2 protein chains.
Amino acid sequence: MIDYPTLLQTFKQLLKDNGLKFTNQREVILKMLYEHDDHFTPEALHHLIKDNYPQLNVGIATVYRTLGLLEDNGIINSISFDAKGKKYEFGLKKHHDHLICTRCGKLIEFYDKMIEEQQKLIAKNFHFLMTDHTMNILGICETCQKANKPQEKI
Amino acid sequence: MIDYPTLLQTFKQLLKDNGLKFTNQREVILKMLYEHDDHFTPEALHHLIKDNYPQLNVGIATVYRTLGLLEDNGIINSISFDAKGKKYEFGLKKHHDHLICTRCGKLIEFYDKMIEEQQKLIAKNFHFLMTDHTMNILGICETCQKANKPQEKI
DNA sequence: CTGACTGCAAAATCTTTGCAAAGAC
DNA sequence: GTCTTTGCAAAGATTTTGCAGTCAG
């Protein structure tokens, strides 16, 4: 995976190329997503940053604006799992797919060689030059299954 | 696919089994989703119903409540596409995935048995109760590869 | 009759926007 | 110094909830 100094360099160049400015807020948001191999809602990320960099006093609006910026440039990815918004993860890492719990929103990453191979085959059969793919398996995670064993809501 | 009278019967039984009542509003919402092979936001569905059954005067809250009820029982599915909410579709039909051309935006549906089976296996390994899954293969279609047209956003 | 359902409006969430002050270059 | 960015608060957009009247069984 890309190392942090290189990532930072790339990010700075990207900003420069677009007449944008490199700010502490932008760096901290990038860094948090790089360092944590996890998926964050904008709000969770905001909390995390406030805890780690209280003196910066980052506003939630800046978090949203920076996430949009990073996503537009392919540095992070977002996943929509329900009506309660998106989750973001650092994007420049090994390809993987997701299991998403539709009750608690938990995301689990997985990689399956057979599926990757099969996708290549499908693309080939349709004479498609595959550049990317996403797969989400939606369902109910083990914890939620146990927690809600008796079906109550009709 | 299930025929409407059977679906209605199933729905009524489901309600009865849970001490819930069969109402005109609930039937109309079910019927709309059954009859249209399309994806609706709650708001779009609300409009459609108001246009078709103006005398019922269905409230948006009832649409949300009924969609939740139907989804919880697997009669309809929801898809999250961005932070702006979900779309719903009738759920008791054949699954398919998509190939998407990033140059011309063409969308090709496909179904692959091996991938479907493999997904089940993955869900099982994670003790996930799979309710749905989506797979999109992004790339360049045959036509666009030949045309070698300049890249543009979908 | 009784308890569930409904529409309405208000509240709750989540995200975006306007703006004056602060900051990057 | 100039133009972008920021935090704040207000506005938007979407979804949920409280409640009194209505309706199904």
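Quick note on labels: first sequence line is chain A, next is B, and so on, each numbered from 1. Just so we're clear, the structure is a prediction, and the values are computed from it rather than from any experiment. No hydrogens, no waters, no symmetry mates; every other heavy atom, side chains included, goes into these values.
Distance His46(A) NE2 to dT13(C) P: 17 Å, rounded to the nearest Å. Glu27(B) places its CD atom 16 Å from the C1' atom of dC5(C), with the value rounded to the nearest Å. Taking atom NE2 of residue His47(A) and atom P of nucleotide dC14(C), one finds them 11 Å apart after rounding to whole Å. Per the geometry, CD belonging to Gln55(B) stands 16 Å off C1' belonging to dC23(D), to the nearest Å. Put simply, OH on Tyr64(A) is 19 Å from C1' on dT5(D), counting in whole angstrom units. Between Leu56(A) atom CG and dT6(D) atom C1' the separation is 11 Å, expressed in whole Å. Whole-Å rounding puts the Tyr53(B) OH to dT6(C) C1' distance at 18 Å. Put simply, CD1 on Ile60(B) is 8 Å from P on dT15(D), counting in whole angstrom units.
The main-chain N or O of Ile2(B) is never found under 3.5 Å from a side-chain atom of Thr6(B) such that the two would form a donor-acceptor pair. Using a distance-only test at 3.5 Å, with no hydrogens or angles considered, a donor-acceptor pair links the side chain of Arg26(A) to the main chain of Lys21(A). His36(B) places a side-chain N or O within donor-acceptor distance of the main-chain N or O of Met32(B), the cut-off being under 3.5 Å.
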Applying side chain to side chain donor-acceptor pair (under 3.5 Å), run through Gln145(B) and His127(A) and close with a yes or a no. CA-CA 9 Å; Gln145(B) 286 173 56; His127(A) 303 100; over 6 Å; no
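Note on Arg65(B): a base of the nucleic acid sits closer than 4.0 angstrom, heavy atoms only.
With values rounded to the nearest 0.5 angstrom, Tyr53(B) atom OH is found 11.5 Å from Ile29(B) atom CD1.
A side-chain contact (heavy atoms from CB on, under 4.5 Å) with Glu89(A) is found for exactly one of Ile79(A), Asp37(A), Leu107(A), Asp38(A), namely Ile79(A).
Contacts between residues 11-25 of chain A and DNA chain C, counted as heavy-atom distances below 4.0 Å, involve Lys21(A), Phe22(A).
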